[in-house]
Visitor: 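Quick one: structure below, then a few questions.
Any value given below was found using the heavy atoms of this structure, including those in side chains, with hydrogens, waters and symmetry copies removed.
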Amino acid sequence: MADSFNLLTEPWIPVIYADGSVAEVGIKDVFADAHDIQELACDLPTVNVAIFRTLLAILRRSVDEDMAEDSDYWAELWENDTLPMEAITDYLDSVSDRFDLLDPKKPFLQTPGLRNAKGVWNGLGQIIADSPKEDALFVQSDPNTELSYAKAAQWLIHTQNFDYSGIKSGAVGDSRVKGGKGYPIGIGWLGWLGCTIIKGKNLKETLLLNYVSPQFFECEPGSDLPVWEEAPLTSAIRKNAHVNGQIGLCTWPQRRILLHNNGSAIDKVLVCNGDPIDYLSQYDNETMTPWRYSDPQSKKAKRHIYMPKTLNPGEALWRGLNSLLPQGQTGGYVTIEQRNSKDKLPSAMPPHTIMQLAERIGDPLPKDFRITVDVTSMIYGAQSAVYSTVAHDSLTFPGLLAIIDEGEELRDIAERAVERAMTAAKELGKFAADVRRCEINSKESPEAAANKARAAAYALIDQRFREWLSKLSISQADAQQQLQEWTDWLRDTMLTEGRRIAHEASPAAWTGRKISNPNGSETIYSIGQVEVWFRGRIYKALPQAQPPTSEGE
């Protein structure tokens with residue numbers, strides 16, 4: 001009968017090595033092999049994110065003290081072939097007793113002795129995000145099958161970070177319980193985020209690229225602790241529980257959980273409410289998400305509130321490029337009315353990790369360093385009480401874009417490229433709608449035709465833009481030329497698509513018809529007419545290069 005499963009040494013984290021081989025390893029081996037591991041390889045991107053943040057908390061506790069004392073220490077770690085294993089091993093050995101998944105007195109991320117008034121357990125569907133349940137969009141795992149200790153550890157960390165809201169089992173000893181129920185305290189903290197991980201060539205680089213120096217955080221040294229350095233959890237809310245920095249957020253126990261060990265596997269679980277989190281006040285603590293200005297929350301709180309920005313499902317990450325970068329010339333701002341003045345604030349703010357990395361470009365990172373980001377969001381269903389789907393996307397761009405002053409002109413070029421792509425798709429949709437208006441009794445509405453055409457445009461644009469952005473030159477002159485080449489491609493592609501849409505129209509559309517306007521006038525819609533309008537709008541939105549002028553002009 002198994003009565004111990006220490007996550008430091010037992011294999012439980014799926015990884016892909018540089019040679020393509022896949023294995024499960026323990027925490028110590030993850031760090032020891034980080035230079036040879038390409039990435040984590042769990043079932044869902046959200047599980048990868050949750051485990052990665054656990055590893056990042058361990059790295060920070062291992063090196064924060066040295067990093068605070070030596071401003072060049074990060075560069076030294078970056079140049080080294082491996083992570084500082086002596087410091088990491090010393091730290092893990094000091095807390096090894098808190099990483100045993102099955103320990104009866106202090107089980108990892110769990111609450112020993114947790115129970116409800118009826119003494120019943122929940123099924124494993126409470127923690128398996130891709131198990132069948134009402135409104136589930138993705139189904140892979142059977143919640144009636146026992147979980148190995150390795151799988152249970154993965155879903156345990158995932159639940160603490162991404163759990164859905166709704167009524168939970170009421171824990172004995174929790175003063176908030178009413179009628180045996182724990183009423184909603186919200187989704188897990190990571191459920192609010194567009195979880196952003198900057199990717200390196202291997203896991204060692206990825207960990208360092210997402211490391212933000214201790215000087216960024218305003219907390220007292222040693223006050224930002226992971227939950228495994230706190231007293232073992234009880235069913236009650238921790239007294240004076242307060243987020244002091246990124247480490248606390250990475251390990252925040254928003255649920256009280258206990259896994260049931262039948263001797264060879266985990267067969268049941270109990271999930272109750274844990275410590276609530278102030279989701280309006282984490283801008284200075286959370287480093288791994290873009291942010292958006294919230295006017296309603298700001299007015300309510302009477303202070304400026306930036307909320308985490310999630311990744312919209314079905315919308316490519318590049319369409320929100322400005323949320324990953326400092327605001328450029330085309331970036332959005334909000335004007336805030338104060339007593340006798342107006343404040344102009346960015347409508348979006350990039351992840352702190354990207355801004356920290358921008359400070360390292362040029363020294364020790366090369367000037368032409370390219371940033372690759374992986375962004376993941378959990379999307380919830382009705383009342384955030386069920387999982388719906390996982391949104392996930394990646395993007396590569398020149399690191400110079402993230403430098404506030406030096407990268408402003410290049411950032412403006414990149415943002416204009418995004419703006420032109422979105423305008424091109426919008427204009428194609430408008431043309432498709434107009435073509436439908438040319439037809440009498442069309443089976444497809446103008447709105448449906450517009451949506452279909454925009455989707456087709458984005459399908460053509462998507463991969464091409466990703467390649468364009470990843471190869472964008474850091475030379476201002478070359479980047480301007482690349483912008484024009486991108487504009488020319490967009491214009492030619494949209495005109496070609498327009499001809500296809502016109503060709504597919506019925507013969508009656510060429511004759512056209514009159515449509516009454518709100519002011520009482522009439523407009524004739526025919527293929528020839530709407531195509532003239534379309535071409536005019538396209539050439540205005542996607543201008544051709546201006547011919548060079550002679551010296552005498």
Visitor: Using 0.5 Å steps for rounding, measure from the CG atom of N244 to the OG atom of S223.
Guide: 4.0 Å
Visitor: Of all residues at least two apart in sequence or in a different chain, which pass the ring pair (Phe, Tyr, Trp, His ring centres under 6.0 Å) check with W12?
Guide: none
Visitor: Is the NZ or CZ atom of R238 positioned over W252's six-membered ring, under 6.0 angstrom from the centre and within 45° of the axis?
Guide: yes
Visitor: State, without any angle test, whether R60 and S213 hold a side-chain donor-acceptor pair at a distance under 3.5 Å.
Guide: no
Visitor: Suppose the criterion is ring pair (Phe, Tyr, Trp, His ring centres under 6.0 Å): which pairs have a residue in residues 54-94, not counting sequence neighbours?
Guide: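 For residues 54-94: W74-W78.
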Visitor: What's the spacing between L101 CG and L109 CG if we round to 0.5 Å?
Guide: 9.0 Å
Visitor: I need the minimum non-hydrogen distance between S473 and L410, along with the two atoms involved.
Guide: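 In terms of heavy atoms, the two residues are closest at O-CD1, 3.2 Å.
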Visitor: CD1 of I257 to CG of L233: how many Å apart, nearest 0.5 Å?
Guide: 10.0 Å
Visitor: Assess whether a salt bridge exists between D36 and K204, defined as any Lys/Arg side-chain N lying under 4.0 Å from an Asp/Glu carboxylate O.
Guide: no
Visitor: Which heavy atom of L56 sits nearest to which heavy atom of N210, and what is that distance?
Guide: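 In this case the closest contact between L56 and N210 is CD2-O, 3.7 Å.
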Visitor: Are any of the side-chain nitrogens in K367 or E406 under 4.0 Å away from the carboxylate oxygens of its partner?
Guide: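 Salt bridge flag = yes for E406 with K367.
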Visitor: Does anything in residues 22-55 form a ring pair (Phe, Tyr, Trp, His ring centres under 6.0 Å)? List the pairs, not counting sequence neighbours.
Guide: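 Listed once each, the pairs would be none.
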Visitor: Go through it in stages, so that I can follow the logic: the residues are S384 and S165, the test is side-chain hydrogen bond (donor to acceptor under 3.5 Å, both in side chains), and I'd like the CA-CA distance, side-chain angles, deciding distance and then a yes or no.
Guide: CA-CA 5 Å; S384 297; S165 188; over 6 Å; no
Visitor: Measuring from N285:CG to I247:CD1, what's the distance to the nearest 0.5 Å?
Guide: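 CD1 of I247 is found 11.0 Å from CG of N285.
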Visitor: Would you kindly say whether T310 and S377 are connected by a side-chain donor-acceptor distance under 3.5 Å?
Guide: no
Visitor: Who are the salt bridge (Lys or Arg N to Asp or Glu O under 4.0 Å) partners of E229, not counting sequence neighbours?
Guide: R61
Visitor: Between Y211 and D64, is there a side-chain donor-acceptor contact under 3.5 Å, judged purely by atom types and distance?
Guide: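 A pair is found: one side chain offers a donor N or O, the other an acceptor, under 3.5 Å apart.
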Visitor: Among D33, D93, T9, N6, which residue satisfies the side chain to side chain donor-acceptor pair (under 3.5 Å) criterion with K28?
Guide: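 Testing each of D33, D93, T9, N6 against K28, the sole residue satisfying side chain to side chain donor-acceptor pair (under 3.5 Å) is D93.
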Visitor: Identify, with sequence neighbours excluded, every residue that meets salt bridge (Lys or Arg N to Asp or Glu O under 4.0 Å) alongside D393.
Guide: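 With neighbours one apart ignored, the set is R466.
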Visitor: May I ask you to say whether K199 pairs ionically with E205, meaning some side-chain N is under 4.0 Å from a carboxylate O?
Guide: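 Answer for the salt bridge query: no.
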Visitor: Going by side chain to side chain donor-acceptor pair (under 3.5 Å), W189 matches just one of E286, Q282, Q160. Which one?
Guide: E286
Visitor: Is there a donor-acceptor pair under 3.5 Å between the side chain of W291 and the backbone N or O of Y306?
Guide: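 No; judged by distance alone, with no hydrogens or angles, the pair does not exist.
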Visitor: Nearest 0.5 Å, what's the NE2-CZ distance between H352 and F217?
Guide: 8.0 Å
Visitor: Residues in salt bridge (Lys or Arg N to Asp or Glu O under 4.0 Å) with R420, at least two apart?
Guide: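 For R420, no residue satisfies salt bridge (Lys or Arg N to Asp or Glu O under 4.0 Å) once neighbours in sequence are set aside.
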Visitor: Of the non-hydrogen atoms in L249 and N161, which two are nearest, and what is the gap between them?
Guide: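 So the minimum-distance heavy-atom pair works out to O-OD1, 4.5 Å.
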Visitor: Is the closest basic N to carboxylate O distance between K151 and D43 below 4.0 Å?
Guide: yes
Visitor: To the nearest 0.5 angstrom, please state how far the CG atom of D97 sits from the CH2 atom of W228.
Guide: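 One finds 13.0 Å between CG of D97 and CH2 of W228.
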Visitor: Inspect the contact between K300 and D295 and indicate whether a charged nitrogen and a carboxylate oxygen are less than 4.0 angstrom apart.
Guide: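 A salt bridge is absent here (no side-chain N lies under 4.0 Å from a carboxylate O).
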Visitor: What heavy-atom pair brings D163 and V271 nearest, and what distance separates the two atoms?
Guide: OD2-CG1, 4.0 Å
Visitor: List the steps and the verdict of side-chain hydrogen bond (donor to acceptor under 3.5 Å, both in side chains) for D478 and Q482.
Guide: CA-CA 6 Å; D478 292 344; Q482 288 173 301; over 6 Å; no
